[in-house]
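Just so it is clear, the values below take in all heavy atoms, side chains as well, and ignore hydrogens, waters and symmetry mates. Numbers for residues simply follow the sequence, beginning at 1.
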Amino acid sequence: ELPSSGYWVGVSGKTAASNDAITSLSAAGRMAYVPCALISGTYDRLGVLIGTGAASTLRLGLYSVGSNGKPDQLVLDAGTVSGATPGMAAATIAPTTLAGPYWAAVLVETYASGLLMYCYGTDEPAPFQAVAVVSANGRTQRGQTVSGVGSGGLPVSAPPVNLSGNFSSPMVIARVA
């Protein structure tokens with residue numbers, strides 16, 4: 001059941017900021033994909049939690065899940081948020097009906113050293129409601145990263161992952177309208 005208006009939903013995250021995402025989002029043009037399952041409903045914001053602010057600009061969005069399980073086509077480009085101030089960095093969107101699994105995307109358009117974001121993990125901060133995304137082998141899926149993505153908008157087709165490793169990615173959440 002969808003939580004009340006004003007609650008945030010998405011994959012559960014840590015209750016403290018982490019440098020886990022720094023290896024994946026340490027330069028402009030890098031984009032992290034993170035599994036994101038949203039309960040069917042209407043949403044009005046897409047956001048990330050900033051732990052330590054730095055003069056950075058992040059673009060948020062959602063991609064569909066392709067038949068191969070990888071990010072596929074752009075569903076929503078929510079726009080940009082500032083990473084300069086600790087706390088919720090949320091992009092307001094027109095009330096949009098969303099349902100099902102997605103790959104959330106966080107693109108670093110401008111980067112400043114020292115930016116720390118909340119990554120997803122085993123604990124979840126109130127008032128967030130969690131929906132876990134679990135792979136066939138029973139493990140929670142981790143984020144994946146691509147480099148060389150231009151600024152000014154998310155690509156219509158998801159660029160393929162081109163950085164080795166299975167990086168932790170920032171917690172991306174959506175607010176119930």
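Contact record, V48 with M88: O-SD, 3.5 Å, taken as the closest heavy-atom pair. Nearest heavy atoms, R30 versus L25: O-CD2, 3.8 Å. Nearest heavy atom pair, residue A54 against residue L115, reads CB-N, 3.7 Å. Taking all atoms of both residues into account, the shortest heavy-atom contact from T57 to T80 is CG2-CB, 3.7 Å.
For the pair L58/L107, no side-chain contact is recorded, criterion being any heavy-atom separation below 4.5 Å from C-beta on. Looking at D72 and Y63, their side chains never come closer than 4.5 Å, going by heavy atoms from C-beta outward. The side-chain heavy atoms of M31 and T145, taken from C-beta on, include no pair separated by under 4.5 Å. Taking 4.5 Å as the limit, every side-chain heavy atom of W103 sits out of range of all side-chain heavy atoms of C36. A heavy-atom distance below 4.5 Å is not found between the side chains of Y43 and L62. Using a 4.5 Å cut-off on side-chain heavy atoms (C-beta onward), L116 and I50 make no contact.
Judged by distance alone, the side chain of N162 and the main-chain N or O of S147 form a donor-acceptor pair under 3.5 Å.
The distance from the CD atom of E109 to the CG atom of L154 is 8.0 Å, given to the nearest 0.5 Å.
A side-chain N or O of Q73 and one of S157 form a donor-acceptor pair less than 3.5 Å apart.
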